[in-house]
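Written below as C-alpha cells is the structure these notes are about.
All figures in this text were calculated on a predicted structure; none of them were measured in a lab. Both counts, for ligands and for their atoms, begin at 1 and track the order of listing.
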Amino acid sequence: MKYIQITFFNRVILFLFITLLFQSACSNNSEDSQTDDANERNHLKHTFKNDFLIGAAINDDQFNGIDTQAIDIILKEYSTITSENVMKSMYLHPARDIFFFDVSDKYVEFGERHDMHIIGHTLVWHSQLGEWMNQIKDSSEMATALSNHIHTIVDHYKGRIDSWDVVNEALNEDGSLRESVFYNAMGGSYLVHAFKMAEAADPEVELVYNDYNLWKPEKREGVIRLIKELRDNGARIDGVGMQAHWSLLGPTIEDIENSILAYAEHDVKVMFTELDVTTLPNPWDLEGAEVSQNFEGSPFMNPYPNGLPDSMQVKVAQRYEDIFSLFLKHQDKISRVTFWGVNDGQSWLNGWPIKGRTNYPLLFDRECKPKLAYDRVNNIKKAP
Ligand code: G3I
C-alpha cells in the first residue's frame, strides 16, 4: 500500500491549518458564546443577578412544554419559578388518604431541568382546599391532618423545592387572624404548627409567610405579631412574601417601603411573590386579592378590549419603573421578585374581580412580546 510521503514542510502546513481550523471553530464558538453572553446580558435575570432572584408563576402548559413562547421567556428572563396552581391542597391532597404528585412532579422536574430556584405554593391556604379538610372542626383532628399533609408533601420534595409558602393569606385586613377552617379548629396555634411541621420535614427549605396588602400598616403589624408568635414558640420563619397585586395608583411607594423596612427589621427576607399591576378600574375599592369575590361588570369596567393605548402603556411602564427603583434601593433586604404569570393573556386578572375582561398587568403582551414596561425595568440601571 503506497503511503503518501509527507515532507516536514507539509506537516508544518497541515499542523498550522488544523490549528487555525480549531481556533476559528473556538472563536466561532466564542463568538457564539459572546453573542449568547451579549443576549444573556439583555435579560432580566442578568440585569438583577446581583440584586435578587427574578421569576414568574408558571402553569401546566408551560412546565409541560406546550406553551413554547412562554417557555422561551421563562428560560431567558427568569431564575426562579412558582407553581401558580398545581401545588395547592385541592390538587396535591384531594382526599384525606390520597396524595397526587404526578402533575406537580412535572413542575419540579421542569425547574430542576433548567436549574431554577423552585417555589412551592402553597401548603396551608383556606382557598383551593380539598373538601375533606374543610369539614374538620376538632383541634386535634386538624393538627393531625395538617401534620400528615405538610409532612407528606414537604418530604416528597425534600431537597428539591427551595422555598415553601408555608401559610398563605392568614390575616384579615385589620391584621387580625382570618377565621379560616384552620383557625376555627385550632385557633392561632395552627400557624406555629404548620411552620414547625414544614421545618421538621425539610430543615433546609426556606419557610415563608405569604399574603396580599402587606403594605397596609394594620396588616404589617399583624405580620410582625405573627413573626414574633412563631419565634416565641420555637418555629422558624425565613421570609415574608408580599404578594404585590397592585394597581397604577396604589399602594404608594412610601407604604411599600415602610413595609420592606419593618419586615427587614425583624430579620426576615422580604420577597415580592405575585407581582402584577392591574390596568383596569376596579368597580369598588376592593380589598386585596380575595378570590372569593367576583362581580358581573359592565363594558366601562373593561375599557381596553382590543389593546392598551400607548398612553396607558406609558403609565404601566412608569409604575413598574417606580416599583423596581424601590426594589433596587432595598435590594439588600429583598431576596426575590416573582411576577404572577408570564404574559398578559395568562393573568388571573383577566377574570378577577370581573370575568371576561382584557387586562394588561405584566411585562409581556399576549403575543409574548416585551412591552414598554419590560424595557423600562430591564434598562433601569442605565436610566440617568
Ligand atoms: O383546573 C380547572 C379546569 O379543569 C376547569 O376546567 C376550569 C374551569 O373553571 O377551572 C380550572 O381551575 C381553575 C384554576 O385557577 C386553574 O386554572 C380554578 O377554577 C380557578 O379558580 C383558579 O384560579 C387561581 C386562583 O389563585 C385560585 O386558586 C388562579 O389561576 C391563580 O392565579 C390565583 O392565584 C392566587 C394565589 O394562589 C394566591 N394569591 C392570590 C392569587 C390570585 O388570586
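- Every atom of ligand 1 is numbered from 1 in the order shown, and the set under 4.0 Å from a heavy atom of Y91 is 1 (O), 12 (O), 14 (C).
- For ligand 1, the atoms sitting less than 4.0 Å from at least one non-hydrogen atom of E274 are 36 (C), 38 (C), 39 (N), 40 (C), 41 (C), numbered in the order shown with element in parentheses.
- Selection from M87, Q128, K88, Q243 by nearest heavy atom to atom 33 (C) of ligand 1 gives K88.
- The side-chain tip of R366 points at the ring of Y360 from less than 6.0 angstrom away and within 45° of straight on.
- The shortest separation from a heavy atom of W340 to ligand 1 is under 4.0 Å, placing the residue in contact.
- Heavy-atom separations between W125 and ligand 1 include at least one value shorter than 4.0 Å.
- When each atom of ligand 1 is checked for a heavy atom of E169 under 4.0 Å away, the hits are 38 (C), 39 (N), 40 (C).
- Aromatic rings from Y374 and F364 are positioned such that their centres are separated by under 6.0 Å.
- The residues E257 and K329 are annotated as salt-bridged, a charged nitrogen and a carboxylate oxygen being separated by less than 4.0 angstrom.
- A salt bridge links D238 to R236: one of the charged nitrogens lies within less than 4.0 Å of a carboxylate oxygen.
- Close approach of ligand 1 to N168 is summarised as follows: ligand atoms under 4.0 Å from at least one heavy atom of the residue are 38 (C).
- For ligand 1, none of its N or O atoms has an N or O atom of S127 under 3.5 Å away.
- By the 4.0 Å N-to-carboxylate-O rule, K216 lies too far from D174 to be salt-bridged with it.
- Looking at E367 and Q69, their side chains never bring a donor and an acceptor atom within 3.5 Å of each other.
- Aromatic rings of F327 and F272 (six-membered ring for Trp) have centroids within the 6.0 Å cut-off, being under it.
- Residue contact check: H245 has heavy atoms under 4.0 Å from atoms 40 (C), 41 (C) of ligand 1.
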